[in-house]
Amino acid sequence: MSTAATLIRVRLPDGSTREYPEGTTVQGVADSIGKRLAKAAIAGKVDGRLVDLSHALRGDASVEIVTEERPEGLEVLRHSGAHLMAQAVRRLYPGAKLGVGPVIEDGFYYDVDVGRTLSPDDLPKIEAEMKKIAEEAIPVRRRELSKDEAIRIMQGRGEALKIEMMNQDIPDPTVSCYEQGEFIDLCRGPHVPDTGRLTAFKVLKATGAYWRGDQSKQMLQRLYGTAWATRKDLETYLFRMEEAKKRDHRRLGQELDLFSFQPVAPGAPFFHPKGAIVYNLLIGLMRELYQKYGYQEVVTPQIFDVSLWHTSGHYANYKDKMYFTLSDEREFAVKPMNCPGHTFIYAHSKRSYRELPLRLADFGRLHRLEQSGEIAGLTRVRSFSQDDAHIFCAPEQIESEITGVVKMLTEVYTIFGFSSPRVCLCTRPEKSIGSEEMWQKAEAALAAALQANGIAYAVAKGDGAFYGPKIDYQVRDALNREHQLATIQLDFSLPERFDLRYTSAADREERPVMIHRAILGSLERFFGVYLEHCAGNFPVWLAPVQVAVLPIADAFNGYAREVAEALAGKGLRVKLDDSNHRASAKIAIAQQQKVPYMAVVGEREQRDRTVSLRERSGGDKGAIPLDDFVRRVTEENGARR
RNA sequence: GCUGCUGUAGCUCAGCCGGUAGAGCACUUCCUUGGUAAGGAAGAGGUCUCGGGUUCAAGUCCCGACAGCAGCUCCA
């Protein structure tokens, strides 16, 4: 160390300040703090900017050491994982071209062109090569290069895609590259100091992906991988994935006999009796709340003359997703939305401001021709219904109406155990109708309503409906995955297109505003999301079978029938299992069907007029009097628990 | 829609280098009448998704259709 070295002041997260010679690296700072930290360090944060450990400090700065357990540390680890995978691919498939390799939730991917499609057999080979490179502990070096020089290097390596990126997307005159052994990649970084830091990773799958997500461009192979700080974390993650698979709603739908799909109607679910019970209970809940929140339910047609869709703007903006039919020499379209139909009910009579807000709800079946590759289980279907409603109101009622929707929605989500939703304000999309002022007014009104209710939200530019901006609600499920459910859309266009009016207090003809809103959203999608959320363990009020009555032997079938009738008499859903299985088999079957309560009856129960209770969560809960049991389940059912 | 993978009994799946189809569960019948996660036996059940092609011979190989699954910018 030169005696003339200038000292710089480094502020640490705990507020303390230390002095170091200028040029000290982040690793150097970590080393000076402690052995454990020095070892766990994976990157640094200098004045809030993520940098490599090898980053040399050139002046006073606040420095944070990022360890691999921290979210940023994991991100660095995963980004390096992507490089490691790319290096393995370059070693195994000479001439392979690299696309992009970003970090994603729980892992990373890298798009590569290896001149053919990769099969599942390729994955273990790639992973084995990655292990080899990791064990070599190759130092990772950052290089700042001029763009021209970087392009020359990439040309030498045949990296056509990287060159395209530099030419088209990177305006900066200099770029950074990361080098590890014979491998070099264009990358912002930061990265781990050497490949030996990668100890827990796995190559997960390979699929096709278009270069830059553009269908007209070449198809690359997207390799997915994951990396974690420790092997244990990796195992936990893989276990979590297995658990998620077990509660996949398509699988549960089959196992619990809730619904099915048939090739004759792609994207259109068939709800079996048990599934239909749940489906109708969801509708029942909403109907009850409609009463409370002042909605009126209507029933409207399925198909309309195309002229209606021309007026509404759907023909121009939504035609690709609509079903058409030529019948009676007249062209009709199957409705993809309820809104235009509702305008007819509104316009059927002369409306006064005294009637507003008019809230019309409709569980009508909708059909949308989603792209064949988009449809999946219940989450993306072509035939569905929504807990849909349209609120016709005066402009000055917008805020209070939206407040009302927000209140109702909170009540609903509480019932289902979805908490802290994320809210988005979606603005004007490219394909849309209505004037610019109209949109600005509508977007401002939604923002005002959100602010008035103290709701934090993000803006999703261009994600609105074609007729107006919207507020979307995303909830997190039991596995911490996000799902979009509620939507609240503001619409000044349809009232104009259908020339809707009301007479104001000042006896003037005014234009109402329409608020489109759904809380569960599509009932089909909600069904799927909730089924996964509860893993098929429906609460008592939603369970297709609430109680399974299980006689120990035929001799007690009579009493078992009495028990079943006592429950059914209270409107409860009961299944009497009078098969000749043994009690333990009957229990296993009911357990697998995730029935909340099992009432086992034998000689003792018959004598004492009790049932031996067993809950889905397992274990014999002992005998309770039949009357008490009926009361308990009835109460729980009514309370929607 | 595009790319890849898959399609065998009601369900989950096996079926080798092409030689006429198998298991477990479920179902039917019989035996068993049992106390908290599956008692035993017998039987029935298949146009191997559909349509073409290659072959002496196709569930198996090739082409096409349909359906399902995964993916299709979370921007170096």
Side-chain angles (χ1 to χ4, degrees), chain A residues 75 78-79 82-83 86 98-111 116-121 147 150 154 159 161-166 168-170 172 175-178 185-189 204-224 245 248 250-251 254-255 257 260-267 320 369-377 482 548 550-557 578-593 598-605 612-616 618-623:
Chain A
E75 226 172 272
R78 285 172 185 157
H79 206 160
H83 278 209
L98 304 178
V100 298
V103 173
I104 55 174
E105 194 167 347
D106 291 337
F108 54 86
Y109 69 76
Y110 216 115
D111 284 349
R116 65 172 176 94
T117 42
L118 293 169
S119 77
D121 306 339
K147 204 157 101 178
M154 288 303 166
E159 294 283 16
L161 302 173
K162 293 282 176 194
I163 295 166
E164 186 185 324
M165 259 186 301
M166 280 192 275
Q168 290 182 13
D169 304 321
I170 302 174
D172 325 11
V175 296
S176 59
C177 285
Y178 278 78
D185 194 5
L186 178 70
C187 187
R188 261 196 213 113
L204 297 172
K205 60 186 168 187
T207 60
Y210 298 99
W211 171 229
R212 310 171 81 91
D214 185 342
Q215 234 180 77
S216 67
K217 297 212 161 78
Q218 63 181 305
M219 171 78 56
L220 304 176
Q221 295 297 301
R222 176 164 297 178
L223 280 164
Y224 284 88
K245 247 191 236 164
D248 185 308
R250 290 166 295 196
R251 179 173 170 159
Q254 166 73 25
E255 287 171 0
D257 195 17
S260 64
F261 289 89
Q262 313 292 340
V264 287
D320 294 351
L369 191 61
E370 301 290 351
Q371 288 190 55
S372 60
E374 288 286 337
I375 54 182
E482 273 204 331
L550 312 178
I552 232 79
D554 289 355
F556 314 109
N557 283 354
D578 57 3
S579 66
N580 66 354
H581 286 297
R582 298 166 183 249
S584 54
K586 290 181 181 181
I587 285 164
I589 292 161
Q591 191 79 45
Q592 247 160 30
Q593 286 298 303
M598 283 159 257
V600 181
V601 297
E603 194 180 352
R604 293 196 300 271
E605 291 78 10
S612 274
L613 186 59
R614 186 186 161 102
E615 289 174 13
R616 178 171 52 193
D620 186 354
K621 303 289 175 207

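All of these numbers come straight from a predicted model, not from anything done at the bench. Throughout, protein chains are lettered first and strands after them, A, B, ... in sequence-line order, and every chain is numbered starting at 1.
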(message) Using Watson-Crick or G-U wobble geometry with both distances under 3.5 Å, which nucleotide pairs with B:C25?
(response) B:G10
(request) Report yes or no: is the cationic atom of A:K205 (NZ for Lys, CZ for Arg) under 6.0 Å from the centre of the six-membered ring of A:Y224, at an angle within 45° of the ring normal? (result) yes
(message) Using OP1 and OP2 only, check whether a side-chain N or O of A:R212 sits under 4.0 Å from B:C75.
(response) no
(request) Can you tell me, in whole Å, how much space there is between the P of B:U3 and that of B:G43? (result) 50 Å
(message) Just so I know, are the side chains of A:I104 and A:R78 near enough to count as touching, which here means a heavy-atom distance under 4.5 Å?
(response) no
(message) Could you check whether atom CD of A:E603 has more than 12 heavy atoms from other residues, nucleotides or ligands sitting under 6.0 Å from it?
(response) no
(request) Sticking with atom C1', work out how far B:G4 lies from B:A57, rounded to a whole angstrom. (result) 32 Å
(request) Using the P atoms only, state how far B:C5 lies from B:G10, rounded to an integer number of Å. (result) 27 Å
(request) Select one nucleotide: of B:C72, B:G39, B:A70, the one nearest the side-chain heavy atoms of A:S584. (result) B:G39
(message) If I take atom CD in residue A:E105 and atom P in nucleotide B:C74, what distance separates them, rounded to the nearest angstrom?
(response) 13 Å
(message) Under 3.5 Å, is there any donor-acceptor pair linking the side chain of A:D214 to the base of B:U73?
(response) no
(message) Between P on B:A70 and CG on A:L220, what's the gap in Å once rounded to a whole number?
(response) 21 Å
(request) May I ask you to evaluate whether A:R250 reaches the phosphate of B:A70, defined as a side-chain N or O under 4.0 Å from OP1 or OP2? (result) yes
(message) How close do A:M166 and A:V175 get, counting heavy atoms only, and between which atoms?
(response) SD-CG2, 4.4 Å
(request) For B:C62 and B:A58, measure between their P atoms and round to the nearest Å. (result) 15 Å
(request) Check whether any side-chain N or O of A:K162 sits under 4.0 Å from OP1 or OP2 of B:A76, and answer yes or no. (result) no
(message) Suppose we call a contact any N or O donor and acceptor under 3.5 Å apart; does that hold for the side chain of A:Y109 and the base of B:C74?
(response) no
(request) Using a 4.0 Å heavy-atom cut-off across all strands, classify A:G107 as base, sugar-phosphate, or nothing. (result) nothing
(request) Please state how far atom CD1 in A:I375 lies from atom P in B:C69, giving the value in whole angstrom units. (result) 8 Å
(request) Write down the distance separating the C1' atoms in B:U36 and B:C48, rounded off to the nearest Å. (result) 42 Å
(request) Write down the distance separating the C1' atoms in B:U6 and B:C25, rounded off to the nearest Å. (result) 23 Å
(request) I would like to know whether A:R212 and A:D214 meet salt bridge (Lys or Arg N to Asp or Glu O under 4.0 Å); could you show each step before the answer? (result) CA-CA 5 Å; A:R212 310 171 81 91; A:D214 185 342; over 6 Å; no
(request) Output the single nucleotide from B:A38, B:A70, B:A76 whose closest atom is nearest the side chain of A:K205. (result) B:A70
(request) Using a heavy-atom cut-off of under 4.0 Å over every strand shown, decide if A:A585 touches base, sugar-phosphate, or nothing. (result) sugar-phosphate
(request) For B:C17, measure the glycosidic angle (O4'-C1'-N9-C4 for a purine, O4'-C1'-N1-C2 for a pyrimidine) and name it syn if it falls within 90° of 0, otherwise anti. (result) syn
(message) More than 12 heavy atoms of other residues, nucleotides or ligands under 6.0 Å from CD of A:E105: yes or no?
(response) no
(request) In whole angstrom, give the distance that lies between atom CG of A:D106 and atom P of B:C74. (result) 16 Å
(message) At 4.0 Å (heavy atoms only), tell me whether A:F261 reaches a base, stays on the sugar-phosphate, or touches nothing.
(response) nothing
(message) Please report the distance, rounded to the nearest Å, between OH in A:Y224 and C1' in B:U73.
(response) 10 Å
(request) Could you tell me whether the side chain of A:S612 has a donor or acceptor atom within less than 3.5 Å of a complementary atom in the base of B:G35? (result) yes
(message) Both A:L613 and A:Q221 contact RNA chain B. Taking the nearest nucleotide for each, which residue is further toward the 5' end?
(response) A:Q221
(request) Spell out, as yes or no, whether a donor-acceptor pair under 3.5 Å connects the side chain of A:Q593 to the backbone of A:E255. (result) yes
(message) Counting only side-chain heavy atoms from C-beta out, which of B:A76, B:A37, B:U3 sits nearest to A:Y210?
(response) B:U3
(message) Suppose we define a pair by two distances each less than 3.5 Å, Watson-Crick or G-U wobble; what does B:C17 pair with here?
(response) none
(request) Identify which nucleotide among B:A37, B:G39, B:A70 has an atom closest to any side-chain atom of A:N580, counting heavy atoms from C-beta outward. (result) B:G39
(request) Look at the side chain of A:D554 against the base of B:U33 and say whether a donor-acceptor pair falls under 3.5 Å; ignore hydrogens and angles. (result) yes
(request) Go ahead and name the base partner of B:U55; Watson-Crick or wobble counts if both distances stay under 3.5 Å, otherwise write none. (result) none
(request) Please report, rounded to the nearest Å, how far the P atom of B:A67 is from the CD atom of A:E370. (result) 15 Å
(request) Scan A:L118 against the nucleic acid and name what it touches under 4.0 Å (heavy atoms): base, sugar-phosphate only, or nothing. (result) nothing
(request) Would you indicate whether the side-chain heavy atoms of A:F556 and A:E605 approach each other to under 4.5 Å? (result) no
(request) Test for a donor-acceptor pair under 3.5 Å between the base of B:A76 and the side chain of A:R188, counting only N and O atoms. (result) yes
(request) Name the pairing partner of B:C30, where a pair is Watson-Crick or G-U wobble with both distances under 3.5 Å, or state none. (result) B:G40
(message) Base, sugar-phosphate or nothing for A:E605? Non-hydrogen atoms, less than 4.0 Å.
(response) base
(request) Using the P atoms only, state how far B:C17 lies from B:U73, rounded to an integer number of Å. (result) 38 Å
(message) Please pick, from B:U3, B:A38, B:G39, the nucleotide with the shortest atom-to-atom distance to any side-chain atom of A:M219.
(response) B:U3
(request) Hunt down the Watson-Crick or G-U wobble partner of B:G45, both distances under 3.5 Å, from any strand shown, or write none. (result) none
(message) Distance check, C1' atoms only: B:G59 and B:A21, in whole angstrom units.
(response) 8 Å
(message) Is it the case that the base of B:A37 and the side chain of A:Q592 share a donor-acceptor contact (distance under 3.5 Å, atom types as modelled)?
(response) no
(request) By nearest nucleotide on RNA chain B, pick out whichever of A:S579 and A:P266 is the more 5' one. (result) A:S579
(request) Can you tell me the distance, in whole Å, between the CZ atom of A:R222 and the P atom of B:U73? (result) 6 Å
(message) From the set B:G71, B:G34, B:A67, return the single nucleotide nearest to any side-chain atom of A:P263.
(response) B:A67
(request) Starting at atom CD of A:E374, determine the distance to atom C1' of B:U3, rounded to an integer number of angstrom. (result) 14 Å
(request) Return the nucleotide paired to B:A70: Watson-Crick means purine N1 to pyrimidine N3 with N6-O4 or O6-N4, wobble means G-U with N1-O2 and O6-N3, both under 3.5 Å. (result) B:U3
(request) Give a yes/no verdict on a cation-pi contact between A:R222 and A:Y109, requiring under 6.0 Å between NZ or CZ and the six-membered ring centre and an angle within 45° of the axis. (result) yes
(request) Report which part of the nucleic acid A:V175 touches: base, sugar-phosphate, or nothing (heavy-atom distance under 4.0 Å, all strands). (result) base
